[in-house]
Amino acid sequence: MDNYKINTKCVQAGYRPGNGEPRQIPIIQSTTFKYDTSEDMGKLFDLEASGYFYSRLQNPTNDYVAAKIASLEGGTAAMLTSSGQAANFLALFNICECGSHIVSSSSIYGGTFNLISVTMAKMGVEVTFVSPDCTEEELNGAFQENTKAVFGESIANPALTVLDIEKFAKAAHSHGVPLIVDNTFPTPVNCRPIEWGADIVVHSTTKYMDGHGAAVGGAIVDAGRFDWMAHKDKFPGLCVPDESYHGITYGEKFGKEGAFITKCTAQLMRDLGCVQSPQNAYLLNLGLESLHVRMPRHVENGQAVAEFLEGRPEVAYVNYPGLPSNQYYGLAQKYMPKGGCGVVSFELKGGRRAAEAFMKQLKLAAIETHVADARTCCLNPATTTHRQMTEEQLLAAGVPSGLVRISCGLEDKEDLVADLGQALAAV
Ligand SMILES: *Cc1c(COP(=O)(O)O)cnc(C)c1O
């Protein structure tokens, strides 16, 4: 499928049925798989043969969908996880351990921020956060002897900052570590981080990839380019024999193309078990089949809503990387020329009360914590996700009380703009 355009890959990559086989991806709803001899099964346990034995590690339905996502991102291998949180944790923990250090953009999803700064800190993994806008000197200055990875989001949720992927990749590679990019918001239809130097790409497939608010899930894709064996001291997990797999050295046996995902499946899925259910993988694939048709509409609606809001007197500012007035317009044009996503944030001059009154008036946009759904949804962080914070803390966090985040769905943009207009008039 590699020679086909991304639109074709969205529809057909991953699963290629043979003669007389089902056209739709089969849901292999089975925890286990049958073998004729113990010897046959033993080969799987030694990683001598590829195949399935228990769905906590691998399942054919998941593998079809993971192969599609690998193809969309331009990677060599991929795996599905139970959630985006699990994908981020596994991608980092596959190469980090107690005593390791991560360099991360400070502009990332709140859940990932907590994962890295609180939960992984308890495991002895340190982090240095850098502004995505930092200079190359500042970025290089964040590295330590024990740094194992650099992390950032192509478009950050919810700040909507755009990552300068080449700048982060260059710094990572000059320190002998991979760049991990969370590409949830633009999806590979709009941005392919591997083409700009990223080594590992992660997703919350819960968002646009599923796109219908139906199933929580995640994915990890390996670009297959990072030379682990050239950095043996840094990545013992990939470069030293794994005693729990009869002394296999992943970096040697599976090469640059397969080592990362094989180790992540064989060790971390085996031990942590955060696997996606085949039912959810099937739903995810239904979303992927139309991803290339949906993303341009999300962008078109986001752009229309952002332009409308920017012209309104009740609005203090609009944050959308597709607006020429936006700080990240240039980076967005470079890394995602077809547009980024449908999420827009804006501040109402009337603060918290105006935001609450405005959102009550909306007829199409529902109040939800979700984003990236076919149906438009919105959120006022000050009265919901960030409600424990004082006015001062909200301002310091860059979340003023009048801030509204709107995730533009697939409705008609004229209806969305009209809905916003009548709600603004009522404030
Ligand atoms: C939602 C989200 C996550 C977490 O994904 P879940 O599927 O909710 O676990 C991680 N990163 C980004 C950018 C997200 O938007």
Before you tell me yes or no, could you show the steps for Y335 and N190 under side-chain hydrogen bond (donor to acceptor under 3.5 Å, both in side chains), namely the whole-Å CA-CA distance, both residues' side-chain angles and the distance that decides it to 0.1 Å? CA-CA 8 Å; Y335 291 113; N190 284 341; over 6 Å; no

Is a side-chain donor or acceptor of [X] paired with a backbone partner of [Y] at a separation under 3.5 angstrom?
{"X": "N94", "Y": "F260", "answer": "yes"}
{"X": "R56", "Y": "R270", "answer": "yes"}
{"X": "N301", "Y": "G342", "answer": "no"}

Let's go through L57 and V275 carefully: what are the C-alpha distance in whole Å and the side-chain angles of both, what is the deciding distance for side-chain contact (heavy atoms from CB on, under 4.5 Å) to 0.1 Å, and is it a yes or a no? CA-CA 7 Å; L57 286 91; V275 71; over 6 Å; no

If I compare all heavy atoms of [X] with all of [Y], which pair ends up nearest, and what's the gap?
{"X": "K232", "Y": "C239", "answer": "CG-CB, 3.7 Å"}
{"X": "S345", "Y": "L160", "answer": "N-CD1, 3.8 Å"}
{"X": "L348", "Y": "A355", "answer": "CD1-CA, 3.6 Å"}
{"X": "L291", "Y": "C10", "answer": "CB-SG, 4.1 Å"}
{"X": "E73", "Y": "P193", "answer": "OE1-CD, 3.5 Å"}
{"X": "L323", "Y": "Y329", "answer": "O-CD1, 3.4 Å"}

Give the ring-plane orientation class for F33 versus Y52, where under 30° counts as parallel, over 60° as perpendicular and anything between as tilted.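 Because their plane-to-plane angle lies in the 30° to 60° range, the rings of F33 and Y52 count as tilted.
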
Angle class for the F226/H173 ring planes (parallel below 30°, perpendicular above 60°, tilted otherwise)? tilted

Quick one: are [X] and [Y] in side-chain contact, heavy atoms under 4.5 Å?
{"X": "Y320", "Y": "E307", "value": "no"}
{"X": "E153", "Y": "T161", "value": "no"}
{"X": "H203", "Y": "P188", "value": "yes"}
{"X": "Y64", "Y": "P26", "value": "yes"}
{"X": "M1", "Y": "R16", "value": "yes"}

Distance-only donor-acceptor check, side chains [X] and [Y], under 3.5 Å:
{"X": "H101", "Y": "T128", "answer": "yes"}
{"X": "T383", "Y": "E356", "answer": "no"}
{"X": "S105", "Y": "S107", "answer": "no"}

Is the distance between the ring centroids of F129 and F113 under 6.0 Å? yes

Presence of salt bridge, [Y] and [X], under 4.0 angstrom:
{"X": "D36", "Y": "K34", "answer": "yes"}
{"X": "E97", "Y": "K148", "answer": "no"}
{"X": "E368", "Y": "R375", "answer": "no"}

Verify side-chain hydrogen bond (donor to acceptor under 3.5 Å, both in side chains) between D133 and Y328, making sure each step is shown before the conclusion. CA-CA 10 Å; D133 312 325; Y328 297 98; 2.9 Å; yes

V399 and side chain to side chain contact (heavy atoms under 4.5 Å, CB included): which single residue from E347, H386, R405 fits?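 Testing V399 for a side chain to side chain contact (heavy atoms under 4.5 Å, CB included) against E347, H386, R405 leaves exactly one candidate, H386.
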
Option among I200, I194, L163 that satisfies the side chain to side chain contact (heavy atoms under 4.5 Å, CB included) test with V181: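 Passing option: L163.
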
Decide side-chain hydrogen bond (donor to acceptor under 3.5 Å, both in side chains) for N183 and S154; before the verdict, give the C-alpha distance in whole Å, the side-chain angles of both, and the deciding distance to 0.1 Å. CA-CA 5 Å; N183 196 33; S154 48; 2.8 Å; yes

Before you tell me yes or no, could you show the steps for E391 and S401 under side-chain hydrogen bond (donor to acceptor under 3.5 Å, both in side chains), namely the whole-Å CA-CA distance, both residues' side-chain angles and the distance that decides it to 0.1 Å? CA-CA 7 Å; E391 295 290 318; S401 58; 3.3 Å; yes

Determine whether more than 12 heavy atoms belonging to other residues, nucleotides or ligands lie under 6.0 Å from atom CD of E21. yes

Got a sec: does the NZ of K170 have more than 12 other heavy atoms crowding it under 6.0 Å?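 No, NZ of K170 has 12 or fewer neighbouring heavy atoms, counting only those of other groups under 6.0 Å.
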
Against the six-membered ring of F143, is K234 placed for a cation-pi contact (under 6.0 Å from the centre, within 45° of the normal)? no

